[in-house]
Amino acid sequence: MHKKFQNNPRPLLFCLAVMFFLCMLLLALYLLAEKENVLLKTARSEQFLTLAAGEAEAAAEAWRREEPVAEVYHRLSAAAEYLSMAAPTEENRTLIAQLRDTGAVLLQSGTLPVSMQLSMDTLAGHINGLTAPVPEESEAGAESEKESTPLPWDNLAAITRREGDTIAETMTETKNTLTPASGKYFIYTCRNVYVKLSPKGGIPLEMAVYTPVKYEPSYSVEKCTFRSSRFLENLLPLYLREKTPVSTIQEENRFRFVYPCGNMQVRVDVRRDTGRVIGLQMLPGQTEEQPVPAGIDCSCT
């Protein structure tokens with residue numbers, strides 16, 4: 001056999017050529033697959049960066065327009081979450097930390113220092129003018145004016161944070177998912193829930209539940225009015241309850257009801273497809289309402 005190949009080496013050379021060709025083909029396929037994988041990772045990272053930038057820009061815009069804390073906090077959390085899914089660079093890790101620190105300060109104080117708006121503006125492309133600087137004296141003066149205004153629940157007994165957690169879970173129909181935040185008010189959050197309570201009496205000051213819209217609107221205004229009224233009945237003391245709203249607004253996926261509440265007003269949002277209460281905000285009496293964001297698909301329940 002050996003002499004046969006020596007006399008006629010063409011079959012051996014042919015086999016070697018075929019093997020070489022197959023090896024080169026496999027190498028080419030591997031390189032193509034690796035290149036495709038890199039391109040997919042890059043595209044995926046860019047997609048998450050775009051989503052993160054959009055949420056950060058929306059957070060800055062919401063803060064500039066003085067929209068509810070729930071909206072700003074939710075946008076900041078979403079931006080940090082999307083950014084954590086992008087390429088793990090040092091710059092991204094720094095921005096994630098800035099976004100989360102900004103959200104933590106917002107939960108603790110209900111205000112956002114101008115210096116901490118950099119995390120939003122940087123990620124959104126250094127957009128100028130999204131947030132107008134507010135002098136510290138003006139902020140302190142506004143806060144002092146708010147505190148000097150008597151609230152209808154000031155004389156109620158103080159509650160514990162554990163009692164506040166129970167109230168927040170009842171309001172949002174959750175169990176063992178909310179995380180408390182330190183600060184003057186009792187605040188409880190998860191990825192798609194925000195609740196703010198008064199330490200006096202556990203009066204609900206703000207609530208937002210972000211859930212996806214899955215069904216066509218089927219609940220009538222009468223049913224949603226009843227649900228909003230019963231919702232407040234379980235949370236407010238008797239002297240602050242009103243069964244009839246002073247205004248009702250129908251939107252695409254919800255009804256918005258405004259009820260008197262002492263010298264304040266309380267707005268309640270009820271989903272038209274599920275009949276679930278997804279929003280609440282305590283407002284000064286006889287003032288223009290502030291918008292509450294529509295449902296966003298970030299469900300954690």
A.B. asks: Between Met264 and Leu151, is the side chain to side chain contact (heavy atoms under 4.5 Å, CB included) condition met? List the steps.
C.D. replies: CA-CA 8 Å; Met264 308 284 286; Leu151 299 173; 4.2 Å; yes
A.B. asks: Ignoring hydrogens and angles, tell me if any N or O in the side chain of Lys200 forms a donor-acceptor pair with the backbone of Asp154 under 3.5 Å.
C.D. replies: yes
A.B. asks: Assess the residue pair Leu283 and Val266 against the criterion (side chain to side chain contact (heavy atoms under 4.5 Å, CB included)); give the C-alpha distance rounded to whole Å, side-chain angles, the decisive distance to 0.1 Å, and a yes or no.
C.D. replies: CA-CA 6 Å; Leu283 304 167; Val266 58; over 6 Å; no
A.B. asks: Could you tell me whether a side-chain N or O of Thr166 sits under 3.5 Å from a main-chain N or O of Arg162, the two making a donor and an acceptor?
C.D. replies: yes
A.B. asks: Please name the pair of heavy atoms, one in Cys261 and one in Pro152, separated by the smallest distance, quoted to 0.1 Å.
C.D. replies: O-CG, 3.9 Å
A.B. asks: Check whether Ser229 reaches the backbone of Thr225 with its side chain - one donor and one acceptor, N or O, closer than 3.5 Å.
C.D. replies: no
A.B. asks: Please check this pair: side chain of Glu251 against backbone of Arg256, looking for a donor-acceptor N/O pair closer than 3.5 Å.
C.D. replies: no
A.B. asks: So, taking the atom named CG in Leu205 and the one named CG in Leu280, what distance separates them when rounded to the nearest 0.5 Å?
C.D. replies: 8.5 Å
A.B. asks: Do the side chains of Arg161 and Tyr188 get nearer than 4.5 Å, heavy atoms only?
C.D. replies: yes
A.B. asks: Can Phe255 be reached from Tyr215 by stepping across I, L, V, M, F, W or Y side chains whose heavy atoms are under 4.5 Å apart?
C.D. replies: no
A.B. asks: Look at atom CG of Asn234 and say whether more than 12 heavy atoms of other residues, nucleotides or ligands are closer to it than 6.0 Å.
C.D. replies: yes
A.B. asks: Can you check whether Val193 reaches Thr177 side chain to side chain, under 4.5 Å on heavy atoms?
C.D. replies: no
A.B. asks: CD/Glu233 to CG/Leu240 distance, rounded to the nearest 0.5 angstrom?
C.D. replies: 13.5 Å
A.B. asks: In the structure I gave you, are the side-chain heavy atoms of Val270 and Phe257 within less than 4.5 Å of one another anywhere?
C.D. replies: yes
A.B. asks: Which atom pair, heavy atoms only, marks the closest approach of Gly275 to Arg227?
C.D. replies: O-CD, 2.9 Å
A.B. asks: Run the salt bridge (charged side-chain N to carboxylate O under 4.0 Å, His left out) test against Arg241 and tell me which residues pass, sequence neighbours left out.
C.D. replies: none
A.B. asks: For a 4.5 angstrom cut-off between non-hydrogen side-chain atoms, does Pro284 reach Gln265?
C.D. replies: no
A.B. asks: Can you check whether Thr160's main-chain N or O pairs, donor with acceptor, with Glu163's side chain at less than 3.5 Å?
C.D. replies: yes
A.B. asks: Do Asn253 and Asp273 come within less than 4.5 Å of each other through their side chains, counting heavy atoms only?
C.D. replies: no
A.B. asks: Counting distance only, does the side-chain N/O of Arg271 pair as donor-acceptor with the main-chain N or O of Val277 below 3.5 Å?
C.D. replies: no
A.B. asks: According to a 4.5 Å side-chain heavy-atom criterion applied to Ile, Leu, Val, Met, Phe, Trp and Tyr, with indirect links allowed, do Phe226 and Leu235 form part of one hydrophobic cluster?
C.D. replies: no
A.B. asks: Minimum heavy-atom separation for Pro237 to Leu156, with atom names?
C.D. replies: CG-CD1, 4.3 Å
A.B. asks: Between Arg267 and Tyr259, is there a side-chain heavy-atom distance shorter than 4.5 Å?
C.D. replies: no
A.B. asks: Quick one: closest heavy-atom pair of Ile159 and Gly201, and the distance?
C.D. replies: CG2-C, 3.9 Å
A.B. asks: Could you please spell out the steps behind the side chain to side chain contact (heavy atoms under 4.5 Å, CB included) verdict for Leu178 and Asp165?
C.D. replies: CA-CA 8 Å; Leu178 300 180; Asp165 182 66; 4.2 Å; yes
A.B. asks: Hey, mind stepping through Gln250 and Arg272 against side chain to side chain contact (heavy atoms under 4.5 Å, CB included) and telling me if it holds?
C.D. replies: CA-CA 9 Å; Gln250 177 177 328; Arg272 296 176 59 203; 3.5 Å; yes
A.B. asks: Taking atom CZ of Arg254 and atom SG of Cys224, what is their separation to the nearest 0.5 Å?
C.D. replies: 12.5 Å
A.B. asks: Measuring from Tyr185:OH to Lys196:NZ, what's the distance to the nearest 0.5 Å?
C.D. replies: 5.0 Å
A.B. asks: Side-chain contact, heavy-atom cut-off 4.5 Å: Ile203 with Leu236?
C.D. replies: yes
A.B. asks: Look up atom OG1 in Thr274 and atom OH in Tyr219, then write down how far apart they are to the nearest 0.5 Å.
C.D. replies: 7.0 Å
A.B. asks: Would Val221 end up clustered with Val268 when hydrophobic side chains under 4.5 Å apart are linked, directly or stepwise?
C.D. replies: yes
A.B. asks: Going by atom types only, do Thr172 and Tyr194 share a side-chain donor-acceptor pair under 3.5 Å?
C.D. replies: no
A.B. asks: Could you check whether any side-chain heavy atom of Trp153 comes within less than 4.5 Å of a side-chain heavy atom of Met282, counting everything from C-beta outward?
C.D. replies: yes
